[in-house]
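What follows is a set of notes on a single structure, which appears directly below.
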Amino acid sequence: KKKKKKKKKKKKKKKKVFRSLLTFLYSGSVELSIETACELFKAADKYEVDDLKKSCEEFLKQNTTIESVTSLLLAAENLKVLFSSFHLLF
């Protein structure tokens, strides 16, 4: 049951990220959070949406705090995301 729940949660998260990607493509803006910015960055990289990648990077630079840096690093590691300007976060 736990595996099913985890798989369902992961699928729901992927849908949310893809929906956000589409929103950005149509409107040029998207709501970001520390959690979603990492995943959206990965999607933007995959689909070569450079403006969204820049928005995610900028958001993370402006919103990284001592409290959020651990979750940000874990998310980056889990997603195997390499930020082109990751060094600028610190």
Side-chain angles (χ1 to χ4, degrees):
K1 286 185 177 186
K2 285 185 180 182
K3 282 186 180 182
K4 257 188 177 180
K5 237 181 185 179
K6 194 173 182 179
K7 203 172 192 178
K8 191 174 182 178
K9 190 176 181 180
K10 191 174 181 179
K11 190 174 182 177
K12 189 175 180 180
K13 189 183 268 189
K14 282 184 178 184
K15 283 182 182 181
K16 184 177 180 180
V17 169
F18 192 70
R19 215 174 286 129
S20 294
L21 175 66
L22 289 176
T23 298
F24 184 84
L25 290 173
Y26 283 101
S27 70
S29 65
V30 68
E31 241 181 81
L32 294 171
S33 68
I34 293 290
E35 295 79 23
T36 61
C38 291
E39 293 182 37
L40 276 171
F41 181 91
K42 184 178 178 184
D45 187 52
K46 180 178 181 176
Y47 296 107
E48 299 179 4
V49 184
D50 292 334
D51 288 344
L52 179 56
K53 282 174 59 174
K54 288 176 189 172
S55 293
C56 291
E57 286 178 351
E58 195 59 39
F59 176 85
L60 290 168
K61 281 190 267 183
Q62 293 176 0
N63 293 283
T64 300
T65 63
I66 298 294
E67 293 80 21
S68 68
V69 89
T70 302
S71 61
L72 175 61
L73 290 173
L74 287 172
E77 175 63 27
N78 290 336
L79 295 169
K80 294 179 179 44
V81 172
L82 295 174
F83 295 103
S84 60
S85 61
F86 190 75
H87 65 281
L88 296 176
L89 290 173
F90 305 99

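This one's a predicted model, so the numbers in the text were calculated from it and none came from an experiment.
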**Message:** Using 0.5 Å steps for rounding, measure from the CG atom of Leu52 to the OG atom of Ser29.
**Reply:** 10.5 Å

**Request:** Starting at CD of Glu39, measure out to CG of Leu32 and round the result to the nearest 0.5 Å.
**Result:** 11.5 Å

**Asked** Roughly how far apart are Asn63 CG and Ser33 OG, rounded to 0.5 Å?
**Response** 9.5 Å

**Message:** Return the CZ to CG distance between Phe59 and Leu40, rounded to the nearest 0.5 Å.
**Reply:** 10.5 Å

**Asked** Does the pair Lys61/Glu58 count as a salt bridge with the N-to-O cut at 4.0 Å?
**Response** yes

**Prompt:** Can you name the nearest heavy-atom pair linking Cys56 to Ala37, along with the distance?
**Reply:** SG-O, 3.6 Å

**Prompt:** Would a 4.5 Å heavy-atom cut-off, applied to side chains only, mark Val17 and Thr36 as touching?
**Reply:** no

**Closest heavy-atom pair and its distance - Glu57, Phe41** = OE2-CE1, 3.3 Å

**Prompt:** Is Ser55 close to Phe24 at the side-chain level, that is, under 4.5 Å between some pair of heavy atoms?
**Reply:** yes

**Request:** Would you check if there is a donor-acceptor pair between the side chains of Thr23 and Ser20 at a distance under 3.5 Å?
**Result:** no

